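Only one structure is covered here, and it is reproduced in the block below.
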Protein chains: 6
Amino acid sequence: MNKLPNAELVMIPGGTLITKTPEEGRQLAMLIARHTIHNIQNDLDELKQGRSVYSVNPDSLTAASQVVALEYQTIAAANNYWRDQ
Amino acid sequence: MNKLPNAELVMIPGGTLITKTPEEGRQLAMLIARHTIHNIQNDLDELKQGRSVYSVNPDSLTAASQVVALEYQTIAAANNYWRDQ
Amino acid sequence: MNKLPNAELVMIPGGTLITKTPEEGRQLAMLIARHTIHNIQNDLDELKQGRSVYSVNPDSLTAASQVVALEYQTIAAANNYWRDQ
Amino acid sequence: MNKLPNAELVMIPGGTLITKTPEEGRQLAMLIARHTIHNIQNDLDELKQGRSVYSVNPDSLTAASQVVALEYQTIAAANNYWRDQ
Amino acid sequence: MNKLPNAELVMIPGGTLITKTPEEGRQLAMLIARHTIHNIQNDLDELKQGRSVYSVNPDSLTAASQVVALEYQTIAAANNYWRDQ
Amino acid sequence: MNKLPNAELVMIPGGTLITKTPEEGRQLAMLIARHTIHNIQNDLDELKQGRSVYSVNPDSLTAASQVVALEYQTIAAANNYWRDQ
């Protein structure tokens with residue numbers, strides 16, 4: 001087993017949901033989604049093997065993008081949708 | 001590998017969730033959903049191959065439209081549902 | 001290929017989320033869900049073929065109705081749930 | 001084909017999301033979920049055939065109950081969660 | 001057929017979404033999720049057969065837990081997240 | 001059968017949705033998601049067997065992470081997104 005470094009296991013990288021821009025918020029959403037996976041499966045070898053499967057399966061990509069959409073709902077609300085930007 | 005141009009990898013094209021109309025908001029929702037996929041799989045050849053599969057599978061189309069629905073929930077809330085339009 | 005007419009590709013038919021009644025809001029939710037599919041697959045022949053598959057598959061029908069439920073969450077919130085009706 | 005009567009095709013039976021009790025709200029959620037299906041597939045014979053399949057498949061039942069959960073989110077919010085009951 | 005007793009068919013057991021604690025709210029979420037299933041399939045024999053299948057399938061368990069998560073979103077909001085506890 | 005200890009069956013460990021930080025909130029979301037599974041399947045042997053299956057299946061991991069995303073929506077809202085942190 002090839003355990004992920006601890007930095008990859010932080011659940012909310014940066015420790016806050018507040019970001020400067022919608023784009024940074026979106027990057028955080030992706031990061032949170034990925035680190036959730038890391039916390040369920042922390043073996044880098046398994047993750048790489050998994051990626052070779054899901055990254056070429058359109059339904060898997062849709063499912064992954066749905067998780068990002070849900071995380072972004074949370075982050076966007078936290079930032080009042082960056083309305084005062 | 002045939003990497004997507006950088007413009008296809010911007011996560012929130014235009015950099016804001018605020019749009020003039022519900023229609024523009026919906027177009028943004030679709031764009032955000034697509035660019036999320038691009039950021040998970042950035043090889044245009046794989047994306048084209050994937051499209052040939054999911055675009056003729058009704059369950060895949062339903063799943064894709066669900067992601068757009070979720071993105072639109074966020075964008076519509078950001079715009080106060082364009083109530084003062 | 002048998003491309004859909006442009007009217008079928010408008011993402012928010014009527015251009016607003018505001019409707020007079022909960023029933024009209026629900027019809028709009030269904031319309032938006034369908035037009036999202038149209039914007040991903042705009043070949044009427046493929047859509048007809050897809051319909052012959054999903055319309056007789058109960059799990060496909062459940063998945064389709066879930067998308068309508070999500071769109072309706074947005075539309076109902078936009079209309080303050082028609083509380084002052 | 002054995003088309004459903006029109007009453008089964010009303011999308012929001014009763015025409016309002018407001019109900020007296022949480023229980024009535026839940027019944028409305030189930031009704032709305034069912035009538036959405038009716039509006040996608042209005043042939044009673046197909047619906048009966050589908051029911052014979054999904055009603056004995058636990059994953060299908062879970063998926064159906066998820067749609068009801070989503071409809072109830074909308075109805076409960078519309079009724080301010082019946083807090084002043 | 002072995003029909004469930006009526007108490008198992010009440011959709012919102014207790015008749016309210018308001019609970020004293022987050023734990024009680026969670027128990028209500030599980031109960032509501034189960035009673036929704038009961039209202040779609042009220043034959044105890046079928047439910048027992050279904051349980052023997054889904055309870056040993058991790059993807060089925062994940063799907064079931066997602067429904068509970070959605071019901072809990074509603075209940076937690078109804079209780080203002082028990083902030084003044 | 002190898003029944004889980006009672007502590008693993010508490011639905012909301014700690015008894016509150018309020019946490020000091022977004023990171024702690026996320027850990028609570030994962031814990032709640034896991035304890036929900038425990039309450040549906042409380043046989044440790046079955047859970048271990050299930051884990052050997054889903055933890056190496058990328059689609060299962062995506063589905064699990066979606067449940068965590070939904071639980072986190074609730075917890076983050078309960079904490080006003082830790083905006084005053």
Side-chain angles (χ1 to χ4, degrees), chain C residues 4 8 12-14 17-38 40-41 44 46-85, chain D residues 1 6-7 9-19 25 28-82:
Chain C
L4 286 168
E8 292 294 317
I12 308 293
L17 300 179
I18 308 306
T19 69
K20 285 212 195 88
T21 64
E23 179 79 14
E24 285 179 31
R26 192 74 181 187
Q27 288 165 348
L28 180 59
M30 283 206 68
L31 212 53
I32 290 174
R34 283 190 171 130
H35 285 216
T36 307
I37 300 285
H38 296 176
I40 307 177
Q41 173 54 272
L44 184 57
E46 287 294 352
L47 292 169
K48 280 183 179 167
Q49 166 65 19
R51 182 168 169 86
S52 72
V53 175
Y54 84 76
S55 69
V56 295
N57 179 334
D59 291 340
S60 299
L61 291 172
T62 300
S65 70
Q66 180 161 324
V67 177
V68 178
L70 289 167
E71 301 291 7
Y72 197 60
Q73 289 190 328
T74 308
I75 292 168
N79 287 279
N80 287 317
Y81 305 98
W82 302 274
R83 280 193 201 110
D84 307 320
Q85 212 181 354
Chain D
M1 182 174 151
N6 284 343
L9 298 170
V10 175
M11 299 210 77
I12 308 292
T16 176
L17 300 180
I18 308 306
T19 69
L28 180 59
M30 284 205 67
L31 213 52
I32 289 174
R34 283 190 170 130
H35 285 216
T36 307
I37 299 285
H38 296 176
N39 275 276
I40 307 177
Q41 173 53 272
N42 64 12
D43 182 345
L44 184 57
D45 296 333
E46 286 295 350
L47 292 169
K48 280 184 179 166
Q49 167 64 18
R51 182 168 169 86
S52 73
V53 174
Y54 84 77
S55 69
V56 296
N57 179 334
D59 290 341
S60 300
L61 291 172
T62 301
S65 70
Q66 180 161 325
V67 178
V68 178
L70 288 166
E71 302 291 6
Y72 197 59
Q73 289 190 328
T74 308
I75 293 168
N79 288 278
N80 287 318
Y81 305 98
W82 304 274

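Keep in mind that what you see is a predicted model, and the values were worked out from it rather than measured. Each chain gets a letter, A, B and so on, in the order its sequence line appears, and its residues count up from 1.
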Hey, are the side chains of [X] and [Y] touching, using non-hydrogen atoms and a 4.5 Å cut-off?
{"X": "D:N39", "Y": "C:R26", "value": "no"}
{"X": "C:L61", "Y": "D:H38", "value": "no"}
{"X": "C:R83", "Y": "D:N79", "value": "no"}

Item to check | Option that, when pairs with chain C are counted at under 4.5 Å, heavy atom only, ranks first among D:E71, D:E46, D:Q49 | outcome: D:E71
Next on the checklist: Counting only non-hydrogen atoms closer than 4.5 Å, does C:S55 touch chain D with its backbone (N, CA, C, O), its side chain (CB onward), both, or neither?
Outcome noted: both
Checklist entry - Quick one: what part of C:P22 sits under 4.5 Å from any heavy atom of chain D, side chain, backbone, both or neither? => result both
Specify the closest pair of heavy atoms between [X] and [Y], including all atoms of both residues, with the distance to one decimal.
{"X": "D:I40", "Y": "C:R51", "answer": "O-NH2, 2.6 Å"}
{"X": "D:I12", "Y": "C:E23", "answer": "N-OE1, 2.8 Å"}
{"X": "D:L70", "Y": "C:Q73", "answer": "O-NE2, 3.1 Å"}

Next on the checklist: What part of D:V10 gets within 4.5 angstrom of chain C, counting heavy atoms only: side chain, backbone, both, or neither?
Outcome noted: both
Next on the checklist: What part of D:I32 gets within 4.5 angstrom of chain C, counting heavy atoms only: side chain, backbone, both, or neither?
Outcome noted: both
Item to check | Option that, when pairs with chain D are counted at under 4.5 Å, heavy atom only, ranks first among C:Y72, C:Y54, C:W82 | outcome: C:Y72
Checklist outcome for this item: Counting heavy-atom pairs under 4.5 angstrom with chain D, the leader among C:A77, C:A76, C:P58, C:A64 is C:P58
Next on the checklist: Would you say C:S65 and D:R34 are linked by a side-chain donor-acceptor pair, where the criterion is simply a distance under 3.5 Å?
Outcome noted: no
Next on the checklist: Please report the interatomic distance CG(C:D59) to CG(D:N57), rounded to the nearest 0.5 Å.
Outcome noted: 6.0 Å
